[in-house]
2 protein chains.
Amino acid sequence: MDVSPDFDVQLGRDGVALTVRDRELLSAIDEAGSLNAAADSLGRSYAHAQRRVVELEDAFGSLVDRSRGGGGGGGSELTDRAQELLATFDRVRAEFAGVAEADETVLTGRVIDRDGELATVETAAGRVRAVTPPDCTAVAVTIRADAVTLNRPADAPEPGGTSARNRFEGQVLEVDHGETLARVTVGIDPELHLTALVTVESVERLGLDSRAAVVATFKATATRAVARTES
Amino acid sequence: MDVSPDFDVQLGRDGVALTVRDRELLSAIDEAGSLNAAADSLGRSYAHAQRRVVELEDAFGSLVDRSRGGGGGGGSELTDRAQELLATFDRVRAEFAGVAEADETVLTGRVIDRDGELATVETAAGRVRAVTPPDCTAVAVTIRADAVTLNRPADAPEPGGTSARNRFEGQVLEVDHGETLARVTVGIDPELHLTALVTVESVERLGLDSRAAVVATFKATATRAVARTES
DNA sequence: CTGCGTTGTGCCATAGACGATACAACGCCG
DNA sequence: CGGCGTTGTATCGTCTATGGCACAACGCAG
């Protein structure tokens with residue numbers, strides 16, 4: 001189904017959420033040097049922008065040093081705390097964007113063992129360890145392509161020596177070259193393809209031609225299962 | 001700064017976004033067997049719920065089989081497509097939730113080489129390969145704890161044999177045991193701590209006691225950089 | 001044929017977010 | 001001392017999402 005995952009990021013605190021809209025406002029204040037000019041450059045009303053800044057400061061602490069009167073009539077600039085908030089916002093947003101874009105492999109299976117948040121899921125392709133919500137046995141397991149590491153069979157880490165709890169042997173079926181990133185489809189099983197996102201450089205270094213043997217590994221903590229309605 | 005990242009998931013199509021609110025509505029229809037009872041059980045108005053279903057179907061295709069008249073007055077049930085949409089929604093939401101919860105390590109540095117989306121960033125602790133937006137040199141690199149794999153030094157994969165492009169040697173500084181998951185802080189440098197989220201079982205299997213030597217690896221494609229305002 | 005509970009539709013009310021406008025307060029500067 | 005551009009504040013109007021309500025259409029059960 002061709003739907004596109006999308007998201008809105010927020011940084012919450014004291015029940016107030018700093019949204020992308022607020023991020024734009026603070027950023028504009030930083031550039032314009034005054035709340036008034038910032039609201040104007042964004043095509044927003046000064047009144048609302050001013051109120052919003054006060055609301056945000058109630059929750060997040062001092063964000064904008066404002067002064068009125070004086071040379072040029074006054075002005076405003078961001079505090080260090082506000083700069084830090086903006087940086088955090090951008091980082092979080094980038095992380096979410098990465099997830100929204102990422103290809104993913106979905107396996108269906110059943111929980112055969114559980115230990116707290118972690119479960120072992122029996123799937124058509126074998127057993128997968130994944131973070132799993134409580135009280136469900138029929139699950140769908142999602143494996144993000146950027147979480148899958150590919151290894152040459154000879155150099156693949158011993159299962160006992162790595163924290164990557166999931167390990168599948170397979171062969172390269174297809175390499176979808178991008179400019180610097182490549183999407184590699186690994187056949188684990190006639191029924192199961194696993195997609196990995198790796199650099200083109202890795203493709204060349206590992207010799208990931210079609211039919212090359214590879215070992216795919218991924219961490220249990222990067223793998224999420226969700227309850228599946230039995231149909 | 002104690003802010004909590006939060007998010008709203010949506011599945012977009014044809015300019016219409018299926019939100020968490022819509023997910024609740026569809027789910028309630030599935031359980032209640034009628035649009036009327038569903039709206040009622042959610043404390044929402046039937047009129048709006050009905051209109052919303054039509055809006056969604058305009059964009060996503062047939063979602064609810066509705067019939068009026070007949071035994072019991074009629075009723076509604078979800079189509080397979082709707083069930084599939086709900087499952088997709090849950091999977092995406094779980095992925096985002098994982099990101100929102102995850103601890104992360106932030107490194108600041110400068111881009112010293114760039115090849116399309118990928119860049120090499122020079123940081124205090126060494127060079128990191130990360131997905132990087134265009135046109136920026138001062139960046140902050142985010143490494144999610146669930147993307148970091150820990151290896152015993154003896155079993156660590158050869159840099160040439162794995163697609164994990166980032167590799168740091170260090171020693172365990174602290175292990176924060178949870179029930180089944182543990183947050184391991186690895187000292188790479190006096191200045192740099194890297195946090196990894198691994199299973200408790202891995203902690204025991206790898207013997208991750210304090211001061212144990214480990215090799216931390218993570219993929220470039222799972223590492224995001226964002227522009228940083230030079231201060 | 002009537003009753004009943006459903007879907008479908010239209011119209012109005014309400015609440016929240018936001019813009020528009022007006023005006024006071026401030027403080028340097030000529 | 002007055003001008004100027006800023007911040008601060010109040011009030012009103014608009015837009016959008018949503019709830020409330022009324023009523024028609026439907027189709028089986030009795």
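Only this structure's heavy atoms are used, side chains among them; waters, hydrogens and symmetry mates stay out. Throughout, protein chains are lettered first and strands after them, A, B, ... in sequence-line order, and every chain is numbered starting at 1.
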When rounded to whole Å, the CG to C1' distance for the pair Leu25(B) and dT18(D) reads 13 Å

Between dC15(D) (P) and Arg44(A) (CZ): distance, integer Å
19 Å

Please name all residues satisfying salt bridge (charged side-chain N to carboxylate O under 4.0 Å, His left out) with Glu24(B), sequence neighbours left out, ordered by chain then number.
Arg44(B)

Does the distance from a Lys or Arg side-chain N to an Asp or Glu carboxylate O, for Arg127(A) and Asp113(A), drop under 4.0 Å?
no

How close or far is atom P of dG5(C) from atom CG of Asp40(B), stated in whole angstroms?
13 Å

Over how many whole Å does the gap from Glu55(A) atom CD to dG8(D) atom P extend?
14 Å

Holding to salt bridge (charged side-chain N to carboxylate O under 4.0 Å, His left out), I want the full list of residues that pass it with Glu104(B), two or more places apart in sequence or in another chain.
Arg91(A)

Taking distance alone, no hydrogens or angles, what donor-acceptor pairs closer than 3.5 Å link side-chain atoms of residues 186-196 of chain B to residues at least two apart or in another chain?
{"unit_1": "Asp189(B)", "atom_1": "OD2", "unit_2": "Glu191(B)", "atom_2": "N", "d": "3.3"}

Rounded to whole Å, CG of Asp22(A) lies from P of dA17(C) at a distance of 12 Å

Dump every N/O contact between nucleotides 6-13 of chain C and the protein below 3.5 Å, one line per pair.
{"unit_1": "dT6(C)", "atom_1": "O4'", "unit_2": "Gly73(B)", "atom_2": "O", "d": "3.4"}
{"unit_1": "dT7(C)", "atom_1": "OP1", "unit_2": "Leu35(B)", "atom_2": "N", "d": "2.7"}
{"unit_1": "dT7(C)", "atom_1": "OP1", "unit_2": "Ser76(B)", "atom_2": "OG", "d": "2.9"}
{"unit_1": "dT7(C)", "atom_1": "OP2", "unit_2": "Asn36(B)", "atom_2": "N", "d": "2.9"}
{"unit_1": "dT7(C)", "atom_1": "O2", "unit_2": "Arg68(B)", "atom_2": "NH1", "d": "2.9"}
{"unit_1": "dG8(C)", "atom_1": "OP2", "unit_2": "Gln50(B)", "atom_2": "NE2", "d": "3.1"}
{"unit_1": "dG8(C)", "atom_1": "OP2", "unit_2": "Arg66(B)", "atom_2": "NH1", "d": "2.9"}
{"unit_1": "dG8(C)", "atom_1": "O4'", "unit_2": "Arg68(B)", "atom_2": "NH1", "d": "3.2"}
{"unit_1": "dG8(C)", "atom_1": "N7", "unit_2": "Tyr46(B)", "atom_2": "OH", "d": "3.4"}

Could you give the NE2-to-C1' distance, from His48(A) to dT9(D), as a whole number of Å?
15 Å

Should Arg21(A) be listed as having a side-chain N or O under 4.0 Å from OP1 or OP2 of dC18(C)?
yes

DNA chain C: 5'-proximal contact among Ser45(A) and Gly70(A) (nearest heavy atom):
Ser45(A)

If a pair satisfies ring pair (Phe, Tyr, Trp, His ring centres under 6.0 Å) and one of its residues is in residues 93-139 of chain B, list it, with sequence neighbours excluded.
Phe7(A)-Phe96(B), Phe96(A)-Phe96(B), Phe7(B)-Phe96(B)

Tell me, which pairs form a side chain to side chain donor-acceptor pair (under 3.5 Å) where one or both residues lie in residues 62-75 of chain B, sequence neighbours left out?
Glu57(B)-Arg66(B)

